[in-house]
Amino acid sequence: MMLMRKIILCFLFCLSVVAAAAQDKGGTPEKGAFSPKEFEANLEKYVIKEAGITAKEAEKFLPVYREMRQKQIDIMDAERKTQAKKPATEKECEATIKAHDNAEIQLKKIVQTYHNKMLEIIPASKIMKVTRAENQFHRDSFRQMHDKRQPPRPRK
């Protein structure tokens with residue numbers, strides 16, 4: 001009887017530990033965990049600074065920029081889900097390829113549409129700087145993520 005109690009108590013303890021580990025941490029991301037909101041906020045700050053956009057310009061520019069980014073993210077998320085599926089037949093492969101091509105075309109149309117809207121807000125030279133800053137920010141971000149995941153290489 002005593003052994004049975006110990007086994008049950010041990011089982012309940014293990015169960016509670018697993019349940020506690022599965023709980024949401026109160027909405028705060030773990031240190032080092034990816035936060036989409038933080039990523040977007042850092043991207044915006046970087047772009048504004050690198051493109052030399054004034055506070056007055058940013059007031060009009062950022063809502064348009066955020067709208068464009070959200071539409072891009074929505075399409076990229078849908079594309080990721082499509083690519084995650086493993087097509088089994090030639091017909092499914094063809095459909096996946098066509099869906100990928102359509103997603104890329106949609107992304108380019110979104111960029112084109114929003115660049116035209118941005119041209120009414122800020123000069124073309126700043127839009128070019130925004131594009132370059134975005135690319136640089138993404139390269140730097142991926143490099144940092146890669147460096148965190150890889151063990152440091154020994155120096156020779």
Side-chain angles (χ1 to χ4, degrees), residues 17-156:
V17 169
V18 170
Q23 292 290 320
D24 186 13
K25 308 266 191 279
T28 57
E30 295 176 26
K31 186 176 181 178
F34 179 74
S35 166
K37 287 182 181 182
E38 185 179 325
F39 181 85
E40 289 296 322
N42 290 338
L43 173 62
E44 287 177 9
K45 287 178 198 169
Y46 186 82
V47 164
I48 295 298
K49 179 183 169 219
E50 293 298 312
I53 295 173
T54 66
K56 190 175 182 179
E57 290 171 330
E59 193 176 298
K60 293 179 181 177
F61 170 79
L62 283 176
V64 174
Y65 183 74
R66 287 179 186 134
E67 188 177 315
M68 177 186 77
R69 290 282 304 151
Q70 189 56 55
K71 287 185 179 185
Q72 289 174 318
I73 289 167
D74 292 345
I75 289 172
M76 288 184 281
D77 286 345
E79 172 66 7
R80 230 180 329 275
K81 288 176 185 171
T82 301
Q83 292 295 322
K85 297 175 185 172
K86 303 293 182 210
T89 65
E90 283 296 314
K91 195 168 191 162
E92 289 172 346
C93 289
E94 183 179 341
T96 301
I97 290 168
K98 288 181 179 182
H100 172 75
D101 291 346
N102 286 333
E104 286 189 2
I105 290 167
Q106 282 181 306
L107 285 169
K108 288 297 180 187
K109 285 182 178 180
I110 287 170
V111 170
Q112 184 180 39
T113 299
Y114 280 89
H115 280 173
N116 287 332
K117 289 180 181 183
M118 290 175 195
L119 283 169
E120 297 173 8
I121 300 168
I122 60 175
S125 58
K126 288 187 179 182
I127 294 173
M128 286 185 67
K129 289 178 183 177
V130 164
T131 303
R132 288 186 185 128
E134 278 180 316
N135 291 336
Q136 187 63 47
F137 182 85
H138 285 106
R139 275 196 302 276
D140 292 346
S141 296
F142 285 117
R143 188 176 299 119
Q144 286 173 0
M145 282 193 304
H146 178 267
D147 291 346
K148 285 180 184 177
R149 290 182 180 175
Q150 297 295 317
R153 293 182 182 173
R155 293 185 182 184
K156 293 182 180 182

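Using a 4.5 Å heavy-atom threshold, the side chains of R66 and E44 count as touching.
A distance of 8.5 Å separates OH in Y65 from CD1 in I48, rounded to the nearest 0.5 Å. Expressed to the nearest 0.5 Å, how far CD of Q112 lies from CG of L107 amounts to 13.0 Å. Taking NZ from K85 and OG1 from T96, the interatomic distance works out to 8.0 Å, rounded to the nearest 0.5 Å. Expressed to the nearest 0.5 Å, how far CD1 of I73 lies from CD1 of I110 amounts to 11.0 Å. Note that CG of N102 is 10.5 Å distant from OG1 of T82, once rounded to the nearest 0.5 Å. In this structure, Q70 CD and D77 CG are separated by 8.0 Å, a value rounded to the nearest 0.5 Å.
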Determine, stepwise, if the pair N42 / E38 fulfils side-chain contact (heavy atoms from CB on, under 4.5 Å). CA-CA 6 Å; N42 290 338; E38 185 179 325; 3.7 Å; yes

What verdict does the side-chain contact (heavy atoms from CB on, under 4.5 Å) test give for M76 and Q72, after you've listed the backbone C-alpha separation in whole Å, the side-chain angles of each residue and the deciding distance to 0.1 Å? CA-CA 6 Å; M76 288 184 281; Q72 289 174 318; 3.9 Å; yes

Item to complete: In sequence, state the C-alpha distance, the side-chain angles, and the governing distance for E59 and T54, and then conclude on side-chain contact (heavy atoms from CB on, under 4.5 Å).
Response: CA-CA 9 Å; E59 193 176 298; T54 66; over 6 Å; no

Problem - Step-by-step salt bridge (Lys or Arg N to Asp or Glu O under 4.0 Å) determination, D74 to K71 - result: CA-CA 5 Å; D74 292 345; K71 287 185 179 185; over 6 Å; no

Report task. Report the C-alpha separation of E40 and R69 in whole Å, then their side-chain angles, then the decisive distance to 0.1 Å, and conclude whether the side-chain contact (heavy atoms from CB on, under 4.5 Å) test is met. Result -> CA-CA 9 Å; E40 289 296 322; R69 290 282 304 151; 2.7 Å; yes

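Closest non-hydrogen pair, A58 versus P63, comes out as O-CD, 4.1 Å. Across all non-hydrogen atoms, the minimal contact from P87 to C93 is CB-N, 3.6 Å. For A103 against I75, the heavy-atom pair with the smallest separation is O-CG2, 3.8 Å.
Q83 meets the side chain to side chain donor-acceptor pair (under 3.5 Å) test with E79; sequence neighbours excluded. Residues forming a salt bridge (Lys or Arg N to Asp or Glu O under 4.0 Å) with K37 (at least two apart in sequence, or on another chain): none. Contacts of F39 classified as ring pair (Phe, Tyr, Trp, His ring centres under 6.0 Å), with partners at least two apart in sequence or in another chain: F34, F137, H138.
Sorted by first and then second residue, the pairs that involve residues 89-99 and meet salt bridge (Lys or Arg N to Asp or Glu O under 4.0 Å), not counting sequence neighbours, are E94-K98. A salt bridge (Lys or Arg N to Asp or Glu O under 4.0 Å) check over residues 131-142, counting only residues at least two apart or in different chains, returns the pairs D140-R143.
Judged by distance alone, the side chains of E67 and Y114 do bring a donor and an acceptor atom under 3.5 Å apart.
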Would you list the atom pairs, donor with acceptor, under 3.5 Å between side chains in residues 117-129 and any protein atom, with sequence neighbours excluded?
from, atom 1, to, atom 2, distance (Å)
K126, NZ, G52, O, 3.0
K126, NZ, E57, OE1, 2.7
K126, NZ, E57, OE2, 3.3

